Undergrad: 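Quick one: the structure is below, and I'll ask about it shortly.
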Amino acid sequence: MKAPRLAALLGLAVLLAVAAPGAHALFTQKTVTGNMDADPALEQVEAVRVPSPIDPTDDTLAQTAVDVLDTCPTGQTDQRIAGPEEALVTLKLVDADTRPGKEAFIDMRAGAAGRHGELRLVSLRPAPAGSTVCALPHDDFRYLSTRPTRHPRGAAELSDFELTIKDFSRRFKGKELRLLEGWAKPTDALCCPSFDKTTFYRYDTKKDRYVRYASQLKRNRQR
């Protein structure tokens, strides 16, 4: 775990370092297109630049958010589904839950080493009758670094986190989620936390969201 974690943290650090004063703009345009619901029209999920209220023209202060654009009988709708954060790390459409349509997988980070941010798996659900939009964003899964899972005793510092979407178990329909968290003690270097916590989630059709079904805690040997 330590080698992949260190590589990931270094990659995020390089990505977020460009937000330093005098650097080039951090924002990078990205759009993915696919069918996220049952109608024939395709949806677009795109990264959007959020200007800073301090100086809207300064790209080094701007943040990034993610919007979903949908074509409805009344016209095109534009709804925010993630952010804003300092940087967009991952934006792609995946087949995860058991309902029709794809889901948007979003990983957004902030901070010098990318240790803060959010993970989201967002789907579209039909809007109620009389709504001004034809579909509403729905969080199948949401993880915020400000609201992580319960930390191990004596290791309250979240050093990193990542999410993998895969068919980990044949017991459940659809794909499962694997959340990895690093938890550090006050004496740990954040690259090398004392604990790795792995939490697995499965899709619950009745609750229409991912729920936890297993958790593992591993203590790392410290040099």
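The shown structure was predicted, so the numbers you read here are calculated from the model rather than taken from an experiment.
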Undergrad: Tell me whether L144 is reachable from L177 by hopping between hydrophobic residues (I, L, V, M, F, W, Y) whose side-chain heavy atoms are closer than 4.5 Å.
TA: no

Undergrad: Calculate, to the nearest 0.5 Å, the distance between atoms CE and CG belonging to M36 and D70 respectively.
TA: 9.0 Å

Undergrad: So K102 and E43, side-chain contact (heavy atoms from CB on, under 4.5 Å) or not? Walk me through it.
TA: CA-CA 10 Å; K102 294 180 178 294; E43 286 72 45; over 6 Å; no

Undergrad: Of the non-hydrogen atoms in Y201 and T149, which two are nearest, and what is the gap between them?
TA: OH-CG2, 3.8 Å

Undergrad: Look up atom CG in L136 and atom CG in L124, then write down how far apart they are to the nearest 0.5 Å.
TA: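 Result: 8.5 Å between the selected atoms.
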
Undergrad: Say you draw a straight line from NZ of K175 to CZ of F168; how long is it, rounded to the nearest 0.5 Å?
TA: 10.5 Å

Undergrad: Any side-chain heavy-atom pair from E157 and D188 closer than 4.5 angstrom?
TA: no

Undergrad: Can you give me the closest heavy-atom contact between G174 and D167, atom names plus distance?
TA: O-OD1, 3.9 Å

Undergrad: Are side-chain heavy atoms of T146 and E118 found at a separation under 4.5 Å?
TA: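 Counting from C-beta outward, T146 and E118 never come under 4.5 Å.
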
Undergrad: Can T28 and L88 be said to form a side-chain contact (heavy atoms from CB on, under 4.5 Å), step by step?
TA: CA-CA 8 Å; T28 301; L88 174 67; over 6 Å; no

Undergrad: Can you tell if the side chain of E103 reaches within under 4.5 Å of the side chain of F141, non-hydrogen atoms only?
TA: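 Of all side-chain heavy-atom pairs linking F141 with E103, none is under 4.5 Å.
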
Undergrad: Are any of the side-chain heavy atoms of D59 and R49 separated by less than 4.5 Å?
TA: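 Counting from C-beta outward, D59 and R49 do come under 4.5 Å.
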
Undergrad: Donor-acceptor pair, T90 side chain versus D107 backbone, under 3.5 Å?
TA: no

Undergrad: Checking salt bridge (charged side-chain N to carboxylate O under 4.0 Å, His left out) against D140, which of R99, R209, R125 comes through?
TA: R125

Undergrad: Ignoring hydrogens, what is the shortest heavy-atom contact between I81 and R120? Give both atom names and the distance.
TA: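 Minimum heavy-atom contact is O-CD, 3.2 Å.
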
Undergrad: Quick check: closest heavy atoms across D204 and K207, and the distance to 0.1 Å?
TA: OD1-N, 3.0 Å

Undergrad: For the side chain of K197 and the backbone of R150, is there at least one donor-acceptor N/O pair under 3.5 Å apart?
TA: yes

Undergrad: When hydrophobic residues are tied together by side-chain contacts of less than 4.5 Å, even through go-betweens, does L61 share a cluster with V50?
TA: no

Undergrad: In Å and rounded to the nearest 0.5 Å, what is the CZ to NZ distance from R202 to K173?
TA: 12.5 Å

Undergrad: Should V32 and I106 be regarded as members of a common hydrophobic cluster, given that ILVMFWY residues are connected when their side-chain heavy atoms come within less than 4.5 Å of each other, either directly or indirectly?
TA: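 Linked within one cluster.
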
Undergrad: Do K92 and V94 come close enough that some side-chain heavy atom pair is under 4.5 Å?
TA: yes

Undergrad: Using the six-membered ring of F195, assess whether NZ or CZ of R153 lies under 6.0 Å from its centre and within 45 degrees of the ring axis.
TA: no

Undergrad: State the OG1-CD distance between T31 and Q44, to the nearest 0.5 angstrom.
TA: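 The CD atom of Q44 is 6.0 Å from OG1 of T31, to the nearest 0.5 Å.
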
Undergrad: With a 4.5 Å limit on heavy-atom distance, are the side chains of L119 and L179 in contact?
TA: yes

Undergrad: Are the side chains of L69 and Q76 in touch, meaning some heavy atoms are under 4.5 Å apart?
TA: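 A side-chain contact under 4.5 Å exists here.
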
Undergrad: Please step through side-chain contact (heavy atoms from CB on, under 4.5 Å) for the pair R115 and L158, ending with a clear verdict.
TA: CA-CA 7 Å; R115 293 189 295 108; L158 181 67; over 6 Å; no

Undergrad: I need the E86 CD to R109 CZ distance, nearest 0.5 Å.
TA: 12.0 Å

Undergrad: According to a 4.5 Å side-chain heavy-atom criterion applied to Ile, Leu, Val, Met, Phe, Trp and Tyr, with indirect links allowed, do L163 and L217 form part of one hydrophobic cluster?
TA: yes

Undergrad: Fit a plane to each ring of H151 and W183, take the angle between them on a 0 to 90° scale, and name the class: parallel (under 30°), tilted (30 to 60°) or perpendicular (over 60°).
TA: tilted

Undergrad: Any donor-acceptor pair under 3.5 Å linking the side chain of N220 with the backbone of P193?
TA: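 Answer holds: yes.
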
Undergrad: Decide side-chain contact (heavy atoms from CB on, under 4.5 Å) for L91 and E46; before the verdict, give the C-alpha distance in whole Å, the side-chain angles of both, and the deciding distance to 0.1 Å.
TA: CA-CA 8 Å; L91 172 58; E46 66 176 15; 5.7 Å; no

Undergrad: Got a donor-acceptor contact below 3.5 angstrom from the T199 side chain to the S215 backbone?
TA: no

Undergrad: For a 4.5 angstrom cut-off between non-hydrogen side-chain atoms, does T205 reach Y203?
TA: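 Yes. Closest side-chain heavy atoms under 4.5 Å.
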
Undergrad: Search all heavy atoms of N35 against all heavy atoms of L42 and return the closest pair with its distance.
TA: N-CD2, 3.7 Å

Undergrad: Could you tell me which non-hydrogen atom of R80 sits nearest to which non-hydrogen atom of V48, and how far apart they are?
TA: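 That would be NH2-CG2, 3.4 Å.
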
